[in-house]
Amino acid sequence: MDVLLHIFVGLHIIGIAALLGGFLSQMKAMGQGTARFVPGMLHGALTMLVTGVALVGLNEAQGAHVNNIKIGIKLAVLIVILALVYVKRDEEKVDKGMFGLVGLLTMVNIFIAVLWT
C-alpha cells in the first residue's frame, strides 16, 4: 500500500509541475499580452485533481489522519484553477490578470501543501 501511495504522490508532483511549467513557459508571452493556457496546464490540473482524491482515499484507508480543512482549501483553489483554464483553453490569448491569477493560485496551492502541516 505504501508503494501505491508513493506512486500517487509522484504523479501528483508531475501534475503540479505540468501546471506550473506551463505557466512559467508562457511568462514572456504574458509580458507581451499573448499568453495562452497550454494543454499541459489543463492536463496537469486534472492530474492533480485525480491523484489528490486518490491520495486522500489511500491515506484514510490506511487510517492516517487527513486534515480535511487543508484538503478542502486545496481542492477549492484547484477547482478555481481548473475552471479558469478549462473555460479559456481555446482562446488564442488570455488576459494578463487572469493568466497571472492562475499562476498565483498554483503557487498558493504549492505553499499550502508544503507549509501547512
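No experiment lies behind these values; they were computed from the predicted model shown.
Under the side chain to side chain contact (heavy atoms under 4.5 Å, CB included) test applied with Phe8, the options Val56, Val3, Leu58 reduce to a single match, Leu58. Partner of Leu42 under the side chain to side chain contact (heavy atoms under 4.5 Å, CB included) criterion, chosen from Val85, Leu19, Ile81, Thr47: Val85.
Nearest approach of Gly44 to Ala18, heavy atoms of both residues: CA-CB, 3.8 Å.
The hydrophobic cluster analysis finds Val50 isolated: no Ile, Leu, Val, Met, Phe, Trp or Tyr side chain comes under 4.5 Å of it, directly or through other members.
If you take CG on Asn68 and CG on Leu75, they are separated by 11.0 Å, rounding to the nearest 0.5 Å. A distance of 15.0 Å separates NE2 of His43 from CD1 of Ile14, quoted to the nearest 0.5 Å. One distance of note links CD1 of Ile71 with CG of Leu55; it measures 8.5 Å at 0.5 Å rounding.
With hydrophobic clusters built from ILVMFWY side chains whose heavy atoms lie under 4.5 angstrom apart, Met41 shares a cluster with Ile79. In the hydrophobic cluster analysis, where Ile, Leu, Val, Met, Phe, Trp and Tyr join through side-chain heavy atoms closer than 4.5 angstrom, Met48 is grouped apart from Leu11. In the hydrophobic clustering of this structure, Val77 groups with Phe37; members are Ile, Leu, Val, Met, Phe, Trp, Tyr whose side-chain heavy atoms approach within less than 4.5 Å, directly or through other members. Taken together through direct or relayed side-chain contacts under 4.5 Å among Ile, Leu, Val, Met, Phe, Trp and Tyr, Met27 and Ile16 form part of one hydrophobic cluster.
Within 6.0 Å of atom CE in Met107, more than 12 heavy atoms from other residues, nucleotides or ligands are found, so the atom counts as buried in its surroundings.
Within the structure, the side chain to side chain donor-acceptor pair (under 3.5 Å) test picks out no pair touching residues 23-39 (sequence neighbours left out). Residue pairs meeting the side chain to side chain donor-acceptor pair (under 3.5 Å) criterion with at least one member in residues 51-62, sequence neighbours excluded: Asp2-Gln62, His12-Thr51. Each ring pair (Phe, Tyr, Trp, His ring centres under 6.0 Å) pair with one or both residues in residues 47-71, not counting sequence neighbours, would appear here, but there are none.
Leu78 has its side chain out of reach of Leu105: every pair of non-hydrogen atoms, C-beta onward, lies at least 4.5 Å apart. Contact annotation: the side chain of Leu82 approaches that of Leu49 to within less than 4.5 Å [non-hydrogen atoms, C-beta and beyond].
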Extract all donor-acceptor atom pairs below 3.5 Å that involve side chains of residues 89-104 and protein atoms in other chains or at least two apart in sequence.
unit_1	atom_1	unit_2	atom_2	d
Arg89	NH1	Tyr86	O	2.6
Glu91	OE2	Lys88	NZ	3.3
Asp95	OD2	Gly97	N	3.3

Tabulate below the donor-acceptor pairs under 3.5 Å that side-chain atoms of residues 109-117 make, not counting sequence neighbours, or state none.
unit_1	atom_1	unit_2	atom_2	d
Asn109	OD1	Lys74	NZ	3.2

